[in-house]
Protein chains: 2
Amino acid sequence: MTKPRSRRGGGRPTIADVARKAGVGAITVSRALREPGRVSEDLRRQIQAAVDELGYLPDPNARALASARAEVFGVLVPSLTNSVFAEVLRGIYDSLSDSSYRIQFGNTHYSGLEEERLLQVFGPQRPAALIVAGIDQTPISRRLLETAGCPVVQVMETGPDPVDMMVGFSHLDGGRAATEHMIEMGYRRIGFIGARMDPRSQRRLAGYRAAMEAAGLFDARLVTTTPVPSSVTLGRELFRDALAKMPTLDGVFCNNDDIALGALFECHRASIAVPKTIGITGFNDLDMMEVAFPSITSIRTPRYEIGRLSVAMALAAIAGQRPQDPVVDLGFELRCRESTAR
Amino acid sequence: MTKPRSRRGGGRPTIADVARKAGVGAITVSRALREPGRVSEDLRRQIQAAVDELGYLPDPNARALASARAEVFGVLVPSLTNSVFAEVLRGIYDSLSDSSYRIQFGNTHYSGLEEERLLQVFGPQRPAALIVAGIDQTPISRRLLETAGCPVVQVMETGPDPVDMMVGFSHLDGGRAATEHMIEMGYRRIGFIGARMDPRSQRRLAGYRAAMEAAGLFDARLVTTTPVPSSVTLGRELFRDALAKMPTLDGVFCNNDDIALGALFECHRASIAVPKTIGITGFNDLDMMEVAFPSITSIRTPRYEIGRLSVAMALAAIAGQRPQDPVVDLGFELRCRESTAR
DNA sequence: ATGGCAGATGGTAGCGCTACCCATAACGTC
DNA sequence: GACGTTATGGGTAGCGCTACCATCTGCCAT
């Protein structure tokens with residue numbers, strides 16, 4: 001009569017239970033929880049008491065269905081092995097841990113197809129916001145993002161044509177700055193070694209090339225790359241390859257810090273003096289660069305900050321505050337260290 | 001008349017649209033999608049055609065509400081900076097990417113309170129399974145896990161009293177094995193240096209102590225620890241502290257590989273011969289241990305495999321297949337390298 | 001011929017919440 | 001004193017899906 005069916009949910013209190021106990025309507029409970037300002041002080045207290053007593057927790061699934069909006073941030077990164085993305089994720093996480101938003105994440109494995117698949121999985125859920133790494137989405141992914149009906153933040157890079165918002169920095173400028181630094185320090189036969197060669201790596205390479213050409217130093221044989229995923233081990237191998245191909249090498253700009261570390265270790269092993277015989281520059285400035293012996297010059301990238309700011313922008317957009325400039329360039333910083341101090 | 005209200009959802013096709021187009025009942029569409037075996041070949045084809053034509057995607061929120069079960073795996077890890085957990089996450093992710101399960105993750109920051117909060121956020125959503133790192137949950141967290149109404153896998157460690165299932169290895173045995181190896185290699189004044197000192201680090205320390213005591217070598221002044229989060233930088237500092245405290249040190253077993261790398265770099269910097277003057281052993285066996293110069297002895301831990309197996313066990317449990325043994329010890333492996341080859 | 005039973009399909013009634021609209025009271029304003 | 005206007009609360013009707021039960025068909029055993 002009262003309960004036509006044993007409750008499927010397993011007997012957890014519902015909003016109706018709270019409403020009954022507090023002697024108010026269910027809607028008022030809903031409002032008291034979501035927009036306390038619209039409910040009088042008295043009722044709010046009464047309702048809070050009922051909530052506490054019953055241990056009521058709103059059902060996020062019912063909420064999502066009724067409001068056509070899930071309290072979920074979807075986050076797409078291309079890799080979990082690469083600690084750079086772990087840091088972005090950490091920034092995202094830390095900025096969201098006060099809120100009731102949950103984080104759902106997807107690993108695209110640097111694949112456009114996989115990214116499309118994941119967007120198709122995330123979309124129907126109507127997430128509160130989407131944060132995706134990179135700016136080179138496939139046309140299908142782009143359309144999925146545009147029609148997602150929620151704020152979208154592309155992170156890690158900036159570019160001219162945001163789907164919605166962007167937070168990042170210029171990899172091309174970073175690559176150029178690193179290379180110019182080495183040229184300034186007197187290196188001439190500067191190699192580029194890079195793994196994975198995703199779009200961001202490509203742009204770092206382009207920056208390297210621009211700097212080298214501007215100085216009249218570019219030589220295609222100085223470039224050693226592979227699509228294989230980056231690792232310290234691979235860094236060592238690539239460095240050996242580069243040196244074999246070009247024995248007069250006097251410096252290397254590495255795609256990232258893992259590669260740089262591998263190169264450094266190989267120098268140790270082969271008794272090549274760093275920075276005297278060969279200079280080394282990394283990219284990202286992981287913690288270990290400072291500590292390495294010799295310490296390694298690198299480009300500090302604002303990974304954690306990118307995560308934090310992307311969330312801040314998304315939350316502002318959810319609250320209806322569109323930023324004046326949807327594209328934010330957080331820049332980077334050259335950290336000169338022993339490995340290029342000739 | 002037909003549509004009493006403009007559709008809140010924004011006009012995406014619903015199951016009713018598919019049913020109408022295929023000329024069947026909504027329930028049959030639902031069944032065709034979830035348990036194809038229970039629908040005749042003919043209708044299945046018809047329904048599939050309608051689904052394709054409309055581009056129908058089921059609404060996961062509605063599904064979750066109606067079935068009191070969300071297609072979500074909740075994953076709780078204590079850190080994102082520590083690449084060990086990134087690897088576990090990767091294993092979890094890779095095992096789930098074929099399925100329609102989504103992954104929601106939480107970062108407990110090594111805090112029991114934060115873990116409780118996150119479980120309280122995850123619970124009401126009725127996830128399909130929960131994967132949590134560690135076995136030292138607070139009583140409240142434990143109860144939340146027990147009453148979650150879904151499979152629970154505790155990962156990274158094994159222990160006697162699983163909430164439900166466990167996948168991991170013995171950190172105590174790992175610590176002991178590393179220490180015994182150093183003793184065998186002729187080291188005597190072996191220090192332990194450790195950061196963070198979470199429960200797993202504590203057990204590695206206990207293993208170290210057991211081995212040292214068994215050999216009559218233990219001395220409390222050999223132990224240098226800090227609750228500060230681990231990093232390569234910190235490894236260097238701790239190593240210096242340890243050496244200052246105990247100048248006769250002839251070896252160190254490091255809490256983890258970051259610390260070991262910091263110690264190695266400090267040895268380079270201070271011109272301390274490794275492995276001759278001081279031996280170094282790490283823990284986890286990250287990629288870089290093999291490449292370092294000298295290469296660093298470490299304990300290989302099955303991080304990725306833990307992630308994969310935890311998902312496999314959870315999926316089996318969801319399918320109703322309880323494992324014969326709910327606790328799986330994946331073991332570890334000592335990798336002897338140059339840093340302890342005296 | 002009857003009953004029974006399995007397999008295939010459909011109808012009804014929610015799951016727990018919120019959007020939308022309405023009711024009421026307490027104040028003004030002119 | 002009629003008419004807003006604001007603040008506060010409630011009722012109704014779904015959101016899109018699935019659990020539960022009913023129905024219908026065909027086929028076998030009796």
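Within every chain, numbering begins at 1; the chains are lettered A, B, ... in the order of the sequence lines, protein sequences first and strands thereafter.
A pairwise comparison of heavy atoms in A:Ile318 and A:Pro151 identifies CG1-CG, 3.8 Å as the closest pair. The two residues B:Ala133 and B:Pro78 come nearest to each other via the heavy atoms CB-CD, 3.7 Å.
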Exercise. Would A:Arg90 and A:Glu87 count as a salt bridge (Lys or Arg N to Asp or Glu O under 4.0 Å) if you check the C-alpha gap in whole Å, the side-chain angles of each, and the deciding distance to 0.1 Å?
Worked result: CA-CA 5 Å; A:Arg90 193 167 63 87; A:Glu87 291 265 299; 3.5 Å; yes
For this session: Apply salt bridge (Lys or Arg N to Asp or Glu O under 4.0 Å) to the pair A:Asp98 and B:Arg117, showing each step before the final yes or no.
Result: CA-CA 10 Å; A:Asp98 301 327; B:Arg117 193 188 72 78; over 6 Å; no
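Residues satisfying the salt bridge (charged side-chain N to carboxylate O under 4.0 Å, His left out) criterion with A:Arg44, sequence neighbours excluded, are A:Glu41.
Taking only side-chain nitrogens and oxygens, A:Arg34 comes nearer than 4.0 Å to OP1 or OP2 of C:dA19.
In this structure, CZ of A:Arg12 is placed 13 Å from C1' of C:dC15, rounded to the nearest angstrom. A straight line from CZ of B:Arg126 to C1' of C:dC15 spans 10 Å, rounded to a whole angstrom. Atom C1' of nucleotide D:dT18 and atom CG of B:Leu65 are separated by 10 Å, given to the nearest angstrom.
Checking C:dT18, D:dC17, D:dC15 against the side-chain heavy atoms of B:Ile15 singles out D:dC17 as nearest. Of the candidate nucleotides C:dG16, C:dA19, D:dG16, C:dA19 has the atom nearest to the side chain of A:Ser67.
Evaluated for a side chain to side chain contact (heavy atoms under 4.5 Å, CB included) with B:Val327, the options B:Thr158, B:Val167, B:Ile135 yield exactly one hit, B:Thr158.
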Check the interface with nucleotides 6-12 of chain D: list each N/O to N/O pair with the protein under 3.5 Å, or write none.
{"from": "D:dG9", "atom 1": "OP1", "to": "A:Ser40", "atom 2": "OG", "distance (Å)": "2.7"}
{"from": "D:dG9", "atom 1": "OP2", "to": "A:Ser40", "atom 2": "N", "distance (Å)": "2.8"}
{"from": "D:dG9", "atom 1": "N7", "to": "A:Arg31", "atom 2": "NH2", "distance (Å)": "3.3"}
{"from": "D:dG10", "atom 1": "OP1", "to": "A:Gly25", "atom 2": "N", "distance (Å)": "3.1"}
{"from": "D:dG10", "atom 1": "OP2", "to": "A:Gly25", "atom 2": "N", "distance (Å)": "3.0"}
{"from": "D:dG10", "atom 1": "OP2", "to": "A:Thr28", "atom 2": "OG1", "distance (Å)": "2.0"}
{"from": "D:dG10", "atom 1": "N7", "to": "A:Arg31", "atom 2": "NH2", "distance (Å)": "3.0"}

